[in-house]
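Keep in mind that this is a model prediction, so the values were computed, not measured.
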Amino acid sequence: MRAWGEREQPAAGRTAGHPAPASRRVVLKSAAVTAGLAAAGIATTGPARAADDRTGRPESVTARMGGTSITLSLVDNALRWSARRDARTVIGTSALGLRLGDGTVLGRDVQLIRGRHRTRRTTWTPVYGRNATVTDHYQEQRWDLRDTATGIRFGVHARAYKTGVALRYVLHGQGTATIADELTTFVFPDGTTVYSARDENAYEPVAPGAIPVTGTSGTDNGPLTDLPLTATLPGGLIACVCESSRVDYPRLMLGSVPGEPNALSTFLMEHTARGTGPVETTTTVTTPFVTPWRAVVIGAGHAELVDNAELVLNLAPPNTLADTSWIKPGKVFRCELTTAAGLQGVDFAVARGLQYIEYDAGWYGPEFSTPDATEPIAAIDLPSVISYATSKGIGLFLYVNRLALTESDSLFALYKSWGVQGIKLGFINDGTRSMTDQIIDWAKVAAKYELLIDMHDDVRPFGYERTYPNWISLEGVRGNEQFPTATHNVTLPFTRNIGGPMDYTICYGQSRDRTTNAHQMAMAAVYYQPLNFLFWYDKPSKYNNPANWPGLPWFDAVPVTWDESRTLAGSIGEYVAVARRNGSAWYLGAMTNETPRTLSLPLSFLGGGRYTATVYADGTPGAHPYQTPVVVGTRTVTRGDTLDVAMAPAGGQAVVLKPS
């Protein structure tokens, strides 16, 4: 196989030999050495200087946008980066580099060949989203580089947005390259706390150097955390590390760096998330090749971070689908596995303003022992249910375990012929490059047959809901069906939901809830969920007497996509309040942790004139949070008013604001 890239003769006095390949654990250790430059006080964020004797070019360059900046530097000819917001450090001097399969390290000793920059501003219209339009405005710096020992040419791109920063590597030339490791590090300021979670664990606030050791002999093992990874920084700054545009590449995790308490290092997964499938220790790509973007979404305050999440989408490829008219976000009700339950579910969906029903695991048999998902069980007359649903304007989702996805093209074609609108894929454990390719292929094939797709279990977002907007949702989170704490629920808007849409089943009126009903209601506005499963664990008969369930009109009315979104208040793990507009109406959700509190929220986001506010609030707290009643009231407000939002322990509030 022909070697990739342009190779030149080594510089005088240097050898062209390659160091022996290193293990992942060694990489994490070597990252400590590079991260140690920050601890040693090497600063590279000052004015650019022509200090590289061999190139005569500046040793640092900075991209800036709206008070946010990212700097590329050469420190003793080694590649480094850093980021700042309003003159405060977000990422200190940190390493950049790639380790190739033959042991070559790109970034350790380089020459700067050329630098370029550009500023770009565009707007684009998502098929659905948090806002009706998205602004993509950035300044970008590009460095073309040459590895001194081997002559290999490569590059790095760095972008600054008002909302954060991003960087990626470029491998030049025509051919192939084998990547063993990515050596990017993130060195945070002293006093940083990161929110670490792996698989479906709860988030744990720890120091960067104290990520818990997780994994088994069959998975990636070590002090590793999944993305998105949020960090609270001194002075009130908050940042969330995400990835975008992951193609032909393994999923990224971050790991603590031994001996460097403030540093995290990139870790390219070699196993799938739960140890299924083959181990892949390297990734071979066709060059030229660009790696995924490593994005750091930044907020001057916690509420601002939530509003800056669209940075991940801006870094992803544009929509590839010529026709998106069939893509309909909506609310979903899960039915029991009988024909009668499906028909009742359709009627319930019509009555409650839902768009879809779903048959979950078991509709074609035991999911882990039935690899054929083409025949429903005898208890379900699927054609009758689909026909009835179609006549009522309700769509159908079907669940499919990964074991039944070996022939996705023929399976999805069959579902299309049945009249199915969407599929929910179960136990999709990504991580390896092969699984990245498989996930994207499933989204492509589903689009071919005009099917929506919702991927569940250990899968993480990378912006591809923009590229394939039929990939409407995914899980990748400790789900609400596990009845987590209120603290967990008010951590998610600042962590997992920054990376992309989140399927987080709302459990209204459940005696196992550790929150109030108003808290569950508020999720529908607080979380970005373009496919929203409501009334999880319930039957339609539960709501035969709507008077017993004062929250139903909220769920009937609340949309799942938005023209405008504003985060009004927030503090990770403590509380959050988000207002979202659809048409002329606003929907406001507020949630608190186990501490009762009142938020005073200015209504300056409203338009002119008067609005009728329908308020669904916590009543007098019960013995358990789920026993706290929902109290409904109305009042007239204007944009000059302030709404005092009182919440019980583990409580919340949901408010509809419509022009009078």
* Ring geometry between W471 and F462 (parallel below 30°, tilted from 30 to 60°, perpendicular above 60°) -> perpendicular

* **Full working for side chain to side chain donor-acceptor pair (under 3.5 Å) between R514 and T485** => CA-CA 6 Å; R514 299 164 73 178; T485 64; 5.6 Å; no

* To do: Tell me, please, whether F535 has R334 positioned over its six-membered ring: NZ or CZ under 6.0 Å from the ring centre and within 45 degrees of its axis?
  =>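 Verdict for F535: no cation-pi partner in R334.
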
* **K162 NZ/CZ over Y138 ring centroid, <6.0 Å and within 45° of normal** =>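 Judged by the rule, K162 and Y138 form no cation-pi pair.
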
* Counting only N and O atoms by type, is there a donor-acceptor contact under 3.5 Å from the side chain of N517 to the main-chain atoms of G509? -> yes

* **Any donor-acceptor pair under 3.5 Å from D199 side chain to N201 backbone** => no

* To do: Apply side chain to side chain donor-acceptor pair (under 3.5 Å) to the pair T495 and T230, showing each step before the final yes or no.
  => CA-CA 6 Å; T495 51; T230 298; 5.3 Å; no

* Asked: By side-chain hydrogen bond (donor to acceptor under 3.5 Å, both in side chains), which residues pair with N470, not counting sequence neighbours?
  -> none

Establish, from distance only, whether the side-chain atoms of [X] and [Y] form a donor-acceptor pair under 3.5 Å.
X    : Y    : answer
T516 : T628 : no
N429 : D457 : no
D503 : Q529 : no
T515 : Q520 : yes
T592 : R597 : yes
S660 : T612 : yes
Q510 : D538 : yes
R466 : Y464 : no
R580 : S565 : yes
R198 : T214 : yes
Y504 : N532 : no

* To do: Using the side-chain hydrogen bond (donor to acceptor under 3.5 Å, both in side chains) rule, collect all pairs that involve residues 643-659, keeping only residues at least two apart or in two chains.
  =>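 Found S600-D644.
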
* What's the verdict on side chain to side chain donor-acceptor pair (under 3.5 Å) for T505 and E481, showing C-alpha distance, side-chain angles and the deciding distance? -> CA-CA 6 Å; T505 50; E481 73 276 6; 3.0 Å; yes

* **Sub-6.0 Å ring centroid separation between Y359 and Y399** =>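 Y359 vs Y399: aromatic centres not under 6.0 Å.
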
* Run the ring-centre check on Y537 versus F483 and record whether the distance is less than 6.0 Å. =>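 Y537 vs F483: aromatic centres under 6.0 Å.
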
* **Electrostatic pair R251-D226, nearest N-O below 4.0 angstrom** =>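 Salt bridge: yes.
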
* Asked: Thinking salt bridges, do R460 and E475 make one under a 4.0 Å N-O criterion?
  ->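 E475 and R460: not salt-bridged.
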
* Which atom of V241 lies closest to which atom of L227, heavy atoms considered ->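 Where V241 meets L227 most closely, the heavy atoms are O-CD2, 3.7 Å.
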
* Of W554, W549, F333, which is the lone residue that meets ring pair (Phe, Tyr, Trp, His ring centres under 6.0 Å) with Y508? ->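 The passing option is W549.
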
